[in-house]
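Hydrogens, waters and symmetry mates play no part in the numbers below; they use all other heavy atoms, side chains included. A quick note: this is a predicted structure, and the numbers were derived from the prediction, not measured. In this chain, numbering begins with 1 at the start of the sequence shown.
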Amino acid sequence: MDRKTGRLLKLARIKADITQGELAKKLGYKSPQMVSNWERGACGLPPKKALMFCRITGMSREVVEHMIVSAVTGKMLGKVRTQQRNSEE
C-alpha cells in the first residue's frame, strides 16, 4: 500500500474519532502497530479486515476495495517491470 492510501485510511480513522489502538482492538489486533503500518504505507490493509474497517470507520466499502485493488495492481506491475529489466540484462 502506498502513502497516499495510508493517509486516506488515517483520515477515515480520525473522522471516526478513534485511536489507532482502539481500531486495532476492534479489528482483532493486540497492538496498534499494524494500523500504524497501514497509515504509513508500510503494508496493506488485509482484504479480510477491509469490511470490518469500513464498518468501524464509516468509510465506503467501494473506496476501500479500490484502494486494495490499486495497491495489489501496483505491486504486480512493479514485479513485471523488475522481471522485464532482469530479462533485458
- Query: Is there a side-chain contact between M34 and C43 (heavy atoms, below 4.5 Å)?
  - Reply: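 They are in contact (side-chain heavy atoms under 4.5 Å apart), so the answer is yes.
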- Query: Which pairs with one or both residues in residues 10-36 pass salt bridge (Lys or Arg N to Asp or Glu O under 4.0 Å), sequence neighbours excluded?
  - Reply: R13-E39
For the atom pair [atom1] ([X]) and [atom2] ([Y]), what is the distance rounded to the nearest 0.5 Å?
X	Y	atom1	atom2	result
N37	Q20	CG	CD	9.0 Å
I14	T19	CD1	OG1	11.0 Å
L9	T57	CG	OG1	8.0 Å

- Query: Partners of R61 by salt bridge (charged side-chain N to carboxylate O under 4.0 Å, His left out), sequence neighbours excluded?
  - Reply: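 Per chain and number, R61 pairs via salt bridge (charged side-chain N to carboxylate O under 4.0 Å, His left out) with E65.
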- Test side-chain hydrogen bond (donor to acceptor under 3.5 Å, both in side chains) applied to S60 - qualifying residues, sequence neighbours left out: E62
When the side chains of residues 48-55 are checked against the rest of the protein, which donor-acceptor pairs come out under 3.5 Å, sequence neighbours left out?
from: K49; atom 1: NZ; to: L27; atom 2: O; distance (Å): 2.5

- Would you name the heavy atoms of P32 and A24 that are closest together and state the gap between them? CA-CB, 3.7 Å
- Note on the structure: Between R40 and R3 the two heavy atoms that sit nearest each other are O-CG, 3.5 Å
- Here the ring-ring contact (aromatic ring centres under 6.0 Å, His included) pairs for residues 5-37, sequence neighbours left out, are Y29-W38
